[in-house]
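Please read the structure below before turning to the comments.
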Amino acid sequence: MRMRARGLRNLRAVLAPLAAGMGVMATAAAVLVPALGGAAGEHGPGHPGGAAAPAVTHRAYGPGAAPAAAKCTARNAAESLRPSSEDGPAVSRIKEKDQLVVGVDQNTYRWGYRDPVTGELAGFDIDLAWAVAKDILGPHPKVVFKAVPTSQRIPALQKRTVDIVVRTMTINCARKEQVAFSTAYFQAGQQVLAPKASKITAFDDSLRGKRVCTAAGSTGESELSARRHGAKVLTVPNQLDCLVRLQLGEADAVVTDSALAAAQAAQDPAVELKGRPFTDEPYGVAMNKGDTDLVRRVNKVLDDYRGDGGADSPWMRAYRTWLQADLPGISGPPSPEYSD
């Protein structure tokens, strides 16, 4: 009972505004989350990532141009189309609607969560979504955020329920058969999260006989399917549900991206990351596979966002605001890789 009480106290301060949303998301593919006032300008000039980046010259490509793709392998999975600012069918469709619909998370601390003080969505992924919207729609864009569970990210894009997904989504070959990705904007890796007092040491045989939680449709689930290490695997709609299971004593460990695990450890000082990351997890912005012009446009935004990699680039400002406290020592964003 002490474990349960402590877990609930730790979650209450940050996650109380999410309680209703979590219950709905468990039963629905996507839930409409009100846009944050509808205009990025309401955040004011100090909104992280909101300042204009230095101008970058981009090579011109036809709006629908896409070269024949090479066979996807672990070595080239993070490659994407070269950036372009030209409008094509997908970008024009967004402009005609005069709004960008973005699939996001609303319960992952530091990345995409509802701030209990302001009531608005905030985090590293949310800043990036605003940057894409401003580039396509101008300085005061209308953005509709839709909370999408992990397992529903790809269906939401295929059905065009959303225009893009910015939700700590790992680029890999299996997913690239179904959706398109931008270049990588963050590099993480799968890791184990468990109570500090636990005898679990890493993603190894110390998991034998343990109850390990991961999100359905995640790369963590894929890794556990391939190598269970004798563990009993529990799947949930969203990674935060795993932290709740851990705190209530219904799970012994969590397998998730190191970046998400660090955010969960920041919410509960009784847990910690175990071992080292055991996979490469490059995060990308995901889009419908047919929207090649939008892929190029988002890659142009990411070029601007990375800037010259210096301390004053929009990417580094967002990193310092949201991630540095829990993931120190990152000197800059991953370099883009292109297939054409």
Whether the [X] and [Y] side chains hold a donor-acceptor pair (N or O, under 3.5 Å, no angle test) is what I'd like checked.
| X | Y | result |
| --- | --- | --- |
| Asp268 | Gln247 | yes |
| Asn172 | Thr170 | no |
| Arg167 | Thr150 | yes |
| Thr279 | Glu281 | yes |
| Gln190 | Thr256 | no |

Where is the tightest heavy-atom contact between [X] and [Y], given as atom of each residue plus distance?
| X | Y | value |
| --- | --- | --- |
| Phe145 | Ile126 | CZ-CG2, 4.0 Å |
| Pro334 | Ala184 | CG-O, 3.6 Å |
| Glu221 | Ala215 | CB-O, 3.7 Å |
| Ile330 | Met316 | O-CE, 4.2 Å |
| Val255 | Val192 | CG2-CG2, 4.1 Å |
| Ser258 | Leu327 | O-CD2, 4.4 Å |

Between Val301 and Ile94, is there shared hydrophobic-cluster membership here, with clusters defined by ILVMFWY side-chain heavy atoms closer than 4.5 Å?
yes

Hydrophobic cluster membership, with links at side-chain heavy-atom distances under 4.5 Å among I/L/V/M/F/W/Y: are Leu294 and Val102 in one?
yes

Residue that, paired with Tyr283, satisfies side-chain hydrogen bond (donor to acceptor under 3.5 Å, both in side chains) out of Thr168, Asp257, Asp125:
Asp257

Ionic contact status for [Y] with [X], cut-off 4.0 Å:
| X | Y | value |
| --- | --- | --- |
| Asp340 | Arg296 | yes |
| Arg317 | Asp127 | no |
| Asp241 | Arg245 | no |
| Asp291 | Arg160 | yes |
| Glu177 | Arg175 | no |
| Asp87 | Arg297 | yes |
| Lys142 | Asp98 | no |

Gln267/Leu240 under side chain to side chain contact (heavy atoms under 4.5 Å, CB included): CA gap, chis, key distance, verdict:
CA-CA 10 Å; Gln267 293 172 246; Leu240 184 67; 3.9 Å; yes

Apply side chain to side chain contact (heavy atoms under 4.5 Å, CB included) to the pair Asp163 and Lys97, showing each step before the final yes or no.
CA-CA 11 Å; Asp163 298 310; Lys97 293 186 303 180; 3.0 Å; yes

Interatomic spacing from [atom1] in [X] to [atom2] in [Y] - rounded to 0.5 Å:
| X | Y | atom1 | atom2 | answer |
| --- | --- | --- | --- | --- |
| Thr183 | Asn299 | OG1 | CG | 4.0 Å |
| Tyr113 | Asp105 | OH | CG | 12.5 Å |
| Cys213 | Leu234 | SG | CG | 5.5 Å |

[Y] and [X], any side-chain heavy atoms less than 4.5 Å apart:
| X | Y | value |
| --- | --- | --- |
| Gln187 | Asp280 | yes |
| Leu260 | Thr108 | yes |
| Leu302 | Val132 | no |

So, Trp322 versus Tyr109, ring centres under 6.0 angstrom or not?
no

Kindly say whether the aromatic ring centers of Trp111 and Phe124 come within a distance under 6.0 Å.
yes

Does Val179 form a side chain to side chain contact (heavy atoms under 4.5 Å, CB included) with Phe181? I'd like the steps, not just the answer.
CA-CA 7 Å; Val179 297; Phe181 281 97; 3.8 Å; yes

Arg276 atom CZ, over 12 foreign heavy atoms within 6.0 Å:
no

